[in-house]
**Student:** 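This is the structure, below, for whatever I ask next.
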Amino acid sequence: MEIQKEYPMTQEGYNKLEEELEYLKTVKRPEVVEKIKVARSFGDLSENSEYDAAKDEQGFVEQEITKIEMMLRHANIISDNGSKSEVQLGRTVKFVEIPDGDEETYMIVGSAEADPFEGKISNESPIAKSLLGKQVNDEINVPLPNGNEMRVKIIEIS
């Protein structure tokens with residue numbers, strides 16, 4: 001029997017996925033179906049680039065719908081236990097790089113809702129793995145993609 005991966009996420013992330021799924025099903029899917037109808041009306045499908053593009057888009061939309069449905073079905077909503085004494089899923093952590101003092105702040109979320117541009121990093125990322133379970137004032141080494149390490153000090157958990 002296959003073991004299904006769980007997708008840890010915040011309630012906010014779960015709600016966002018539900019909204020995206022609703023959009024794909026109620027807006028995007030009908031748009032693509034209409035594009036296919038229009039492209040079919042052009043005649044010969046063997047040399048119809050509009051038809052090919054619409055079918056490709058349909059495949060992408062259906063794949064996204066399936067992926068999101070699976071993620072929602074296997075979602076594990078992160079509950080807030082109230083403790084802000086250590087870094088855990090759903091918490092925002094602020095740290096400073098040593099020795100140059102650059103400050104960074106990230107919320108640690110499940111991979112399903114990770115968005116580095118929004119300051120949300122996956123719990124599966126090297127930096128999050130290094131931070132999880134640590135406390136304020138802990139200094140840790142974070143592995144970098146180039147094989148080096150970055151030393152950081154946690155200054156706040158919220």
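Every value quoted in this text rests on a predicted model; they were computed, and no experiment measured them.
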**Student:** Would you call Glu113 and Leu17 a side-chain contact if the rule is heavy atoms closer than 4.5 Å?
**Tutor:** no

**Student:** When rounded to the nearest 0.5 angstrom, what distance separates NZ in Lys55 from CD1 in Ile36?
**Tutor:** 4.5 Å

**Student:** Looking at Lys153, is its backbone amide N or carbonyl O close enough to the side chain of Asn137 to form a donor-acceptor pair, meaning the two atoms are under 3.5 Å apart?
**Tutor:** no

**Student:** Taking all non-hydrogen atoms of both residues into account, name the closest pair between Asn123 and Pro8 and its distance.
**Tutor:** ND2-CG, 4.1 Å

**Student:** Got a second to check how far Leu72's CG is from Glu20's CD, nearest 0.5 Å?
**Tutor:** 9.5 Å

**Student:** Each residue besides Val109 in its hydrophobic cluster should be listed here, by chain and number; the cluster joins Ile, Leu, Val, Met, Phe, Trp and Tyr at side-chain heavy-atom distances under 4.5 Å.
**Tutor:** Met107

**Student:** Are Val96 and Val93 connected in the hydrophobic side-chain network, where two residues link if heavy atoms are under 4.5 Å apart?
**Tutor:** no

**Student:** Is Glu57 close to Glu31 at the side-chain level, that is, under 4.5 Å between some pair of heavy atoms?
**Tutor:** no

**Student:** Kindly state each residue pair satisfying salt bridge (charged side-chain N to carboxylate O under 4.0 Å, His left out) with at least one member in residues 137-150, sequence neighbours excluded.
**Tutor:** Glu139-Arg151

**Student:** Are Thr10 and Ile77 packed together at the side-chain level, in the sense that at least one heavy-atom pair is separated by less than 4.5 angstrom?
**Tutor:** no

**Student:** What's the separation between atom CZ in Phe60 and atom CD1 in Ile65, rounded to the nearest 0.5 Å?
**Tutor:** 10.5 Å

**Student:** Locate the shortest heavy-atom distance separating Met150 from Ile127; write the atom from each residue and the value.
**Tutor:** CE-CD1, 4.1 Å

**Student:** Write down the atom of Ala114, the atom of Ser122, and the distance for their closest heavy-atom approach.
**Tutor:** CB-N, 3.7 Å

**Student:** Run the numbers on Asn15 and Gln11 for side chain to side chain donor-acceptor pair (under 3.5 Å), then give the verdict.
**Tutor:** CA-CA 6 Å; Asn15 295 346; Gln11 186 64 51; 2.9 Å; yes

**Student:** Are Leu24 and Val33 in one and the same hydrophobic cluster, where Ile, Leu, Val, Met, Phe, Trp and Tyr link if side-chain heavy atoms are under 4.5 Å apart?
**Tutor:** no

**Student:** To the closest 0.5 Å, what do you measure between CD (Glu86) and CD1 (Ile157)?
**Tutor:** 7.5 Å

**Student:** Sort and list the pairs that fulfil salt bridge (charged side-chain N to carboxylate O under 4.0 Å, His left out) and have at least one residue in residues 64-76, not counting sequence neighbours.
**Tutor:** Lys25-Glu69, Glu64-Lys67

**Student:** Rounded to the nearest 0.5 Å, how far does CG of Asn141 lie from OG of Ser130?
**Tutor:** 8.0 Å

**Student:** Indicate, with yes or no, if Leu144 and Val152 share a hydrophobic cluster defined by side-chain heavy-atom contacts under 4.5 Å among Ile, Leu, Val, Met, Phe, Trp and Tyr.
**Tutor:** yes

**Student:** Can you confirm whether Met9 sits close enough to Asn76 that some side-chain heavy atom of one is under 4.5 Å from a side-chain heavy atom of the other?
**Tutor:** no

**Student:** Side chains of Gln135 and Ile154: does their closest heavy-atom pair fall under 4.5 Å?
**Tutor:** no

**Student:** Apply the test side-chain contact (heavy atoms from CB on, under 4.5 Å) to residues Ser41 and Glu50: give CA-CA distance (whole Å), side-chain angles for both, the deciding distance (0.1 Å), then the verdict.
**Tutor:** CA-CA 11 Å; Ser41 70; Glu50 288 89 356; over 6 Å; no

**Student:** Hey, does Glu104 have a side-chain heavy atom less than 4.5 Å from the side chain of Glu97?
**Tutor:** yes

**Student:** Passes side-chain contact (heavy atoms from CB on, under 4.5 Å), Met70 versus Tyr7? Steps please.
**Tutor:** CA-CA 9 Å; Met70 184 193 55; Tyr7 295 91; 3.2 Å; yes

**Student:** Just how far is it from atom NZ of Lys16 to atom CD of Glu19, taken to the nearest 0.5 Å?
**Tutor:** 8.5 Å

**Student:** Of the non-hydrogen atoms in Ser158 and Arg91, which two are nearest, and what is the gap between them?
**Tutor:** O-CD, 3.2 Å

**Student:** Is there a donor-acceptor contact under 3.5 Å from the side chain of Ser125 to the main chain of Ile121?
**Tutor:** no

**Student:** Taking a hydrophobic cluster as the set of Ile, Leu, Val, Met, Phe, Trp and Tyr residues connected by side-chain heavy atoms closer than 4.5 Å, whether directly or through intermediates, do Val136 and Leu89 fall within one such cluster?
**Tutor:** yes

**Student:** Flag the pair Glu103 / Phe95 as yes when at least one side-chain heavy-atom distance between them is below 4.5 Å, and no otherwise.
**Tutor:** no

**Student:** Does some side-chain heavy atom of Glu12 sit less than 4.5 Å from a side-chain heavy atom of Lys120?
**Tutor:** yes

